[in-house]
Number of protein chains: 2
Amino acid sequence: MPLDAEQIVHALNDRGLRLTRQRRAVVDAVAGASSSVSPLQVFDAARAACPELGLTTVYRTLEALSEIGALRRVHGPDHCEAFVPAGAAHGHTVVCSRCGSVVEFTDCDMHAVVVAAGEQTGYRITEHFLQLSGECPACAAEGT
Amino acid sequence: MPLDAEQIVHALNDRGLRLTRQRRAVVDAVAGASSSVSPLQVFDAARAACPELGLTTVYRTLEALSEIGALRRVHGPDHCEAFVPAGAAHGHTVVCSRCGSVVEFTDCDMHAVVVAAGEQTGYRITEHFLQLSGECPACAAEGT
DNA sequence: GTGCGTGCAAATTCTTTGCAATGCA
DNA sequence: TGCATTGCAAAGAATTTGCACGCAC
């Protein structure tokens, strides 16, 4: 389960980062998003709550949030700079190819795959980046 | 095993695409790369063989090669538009976190993971994008 | 009060597009 | 020869940076 807005705010405090109106708006925008969001999307959404918000600040805030682990970057075939609220644990994202909604799953047992890949390639695998896509339940249901 | 330059050229012909000096240079540059390459890197490398090559052409050619399946896009934490010669079969890339070299592995059994993810999230998973990183044998050996 | 954080505007970087000229099939 | 492909230059989009001011702590 992704961190909610309060938890992210808390994480900011823990790091000694200040909570400004702008950051609050950005956090709310991202935490309330049902799918991954690009900096521009965050800008639009957060601006509703904080009209004097600047795009620069959005970039800086997303960067900061991502550094403290509150957000996670996701990559897709098209968009390459999108963010998603990160879960507390190591996890992967599942993106709906229809509506773009994103969920996380943490129950990943990649051990066997990692071992197999290591054996086949000779590399010493230390990290894996996995992203799944498919249809979310809602889209699957409404799809004929 | 990735396609070599000749195979890519062949793939071009099959699609009715013309083989120009520029495309030849781009193909050679990508096929000869030991790691993933960005459009700019391709431009630099290919320019050595074809000085009149334009950057525009590099973008268009990479796009075309990617469309016919000769190249594969890879994403990293930092760079987001990099290409790698694609193998003939479904495969994944393993990137060395030290030297950036890339290999493919095709022996991927993601079935169990995909099923588990589907059960946990309720999504109907149709695709997976996996990228591993670690140390290649050479870097692991020279690392103290 | 002290800086961290901000907005603005300009600079930079990356990518795409229009169009006439070129050269592959 | 015909038409896909190219290069150039300019447009466009996305992101970063410099700097003085304002506000959270």
Side-chain angles (χ1 to χ4, degrees), chain A residues 5-6 8-30 36-68 70-71 73-83, chain B residues 8-30 36-68 70-71 73-83:
Chain A
E6 293 316 315
I8 296 179
V9 167
H10 196 98
L12 278 174
N13 283 331
D14 284 352
R15 308 292 182 116
L17 297 176
R18 294 178 182 172
L19 178 60
T20 63
R21 202 164 357 100
Q22 291 85 341
R23 281 184 178 166
R24 178 86 223 182
V26 168
V27 165
D28 285 343
V30 177
S36 67
V37 283
S38 69
L40 258 12
Q41 289 174 315
V42 172
F43 180 59
D44 282 341
R47 222 165 196 213
C50 181
E52 69 275 30
L53 176 67
L55 182 53
T56 308
T57 301
V58 172
Y59 279 103
R60 288 193 276 226
T61 303
L62 290 176
E63 169 85 33
L65 292 176
S66 161
E67 242 164 42
I68 68 175
L71 298 186
R73 280 187 151 90
V74 295
H75 300 269
D78 355 306
H79 60 284
C80 279
E81 280 292 322
F83 294 83
Chain B
I8 296 179
V9 166
H10 196 98
L12 278 174
N13 283 331
D14 283 352
R15 308 294 182 114
L17 297 176
R18 294 178 182 173
L19 178 61
T20 63
R21 201 163 358 100
Q22 290 86 340
R23 281 185 178 164
R24 178 86 223 183
V26 169
V27 166
D28 285 343
V30 177
S36 68
V37 284
S38 69
L40 258 13
Q41 289 174 315
V42 172
F43 179 58
D44 281 340
R47 219 159 199 219
C50 181
E52 69 275 30
L53 177 66
L55 182 52
T56 308
T57 301
V58 173
Y59 279 103
R60 287 193 276 227
T61 303
L62 288 177
E63 168 85 33
L65 291 176
S66 160
E67 242 164 42
I68 68 174
L71 297 185
R73 281 188 150 88
V74 296
H75 300 269
D78 356 305
H79 60 284
C80 280
E81 281 290 322
F83 295 82

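All values reported here derive from a predicted model rather than from experimental measurement. In what follows, chains carry the letters A, B, and so on, assigned in the order in which the sequence lines appear, proteins first and then strands, with residues in each chain numbered from 1.
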Output all residues satisfying side-chain hydrogen bond (donor to acceptor under 3.5 Å, both in side chains) with B:S38, sequence neighbours left out; order by chain, then residue number. B:Q41
Do B:L65 and B:V26 have side-chain heavy atoms sitting under 4.5 Å apart? yes
OP1, OP2 of D:dT5 versus side-chain N and O of B:Q22: anything below 4.0 Å? no
Starting from P on C:dT16, measure out to CZ on B:F43 and report it in whole angstrom. 15 Å
From CG of A:L62 across to P of D:dA14 the rounded distance in Å is 15 Å
With sugar-phosphate taken as primed atoms, P, OP1 and OP2 and all else as base, the protein-contact string of nucleotides 16-25 of chain D at under 4.0 Å (heavy atoms; B, S, -) is BB------BS
Atom CZ of A:R15 to atom P of C:dC4: distance rounded to whole Å? 17 Å
Is the closest side-chain heavy-atom distance between A:E63 and A:Y59 below 4.5 Å? no
So do the side chains of A:L55 and A:L40 get within less than 4.5 Å of each other, counting heavy atoms only? yes
Of B:L40 and A:C50, whose closest DNA chain C nucleotide lies nearer the 5' terminus? A:C50
Pairing residues for B:R24 by the salt bridge (charged side-chain N to carboxylate O under 4.0 Å, His left out) criterion, not counting sequence neighbours: B:E6, B:D28
Looking only at heavy atoms, which two atoms of B:C50 and B:A25 are closest? And how far apart? CB-CB, 3.7 Å
Roughly how many Å is it from CD in A:Q41 to C1' in D:dA13, rounded to a whole number? 15 Å
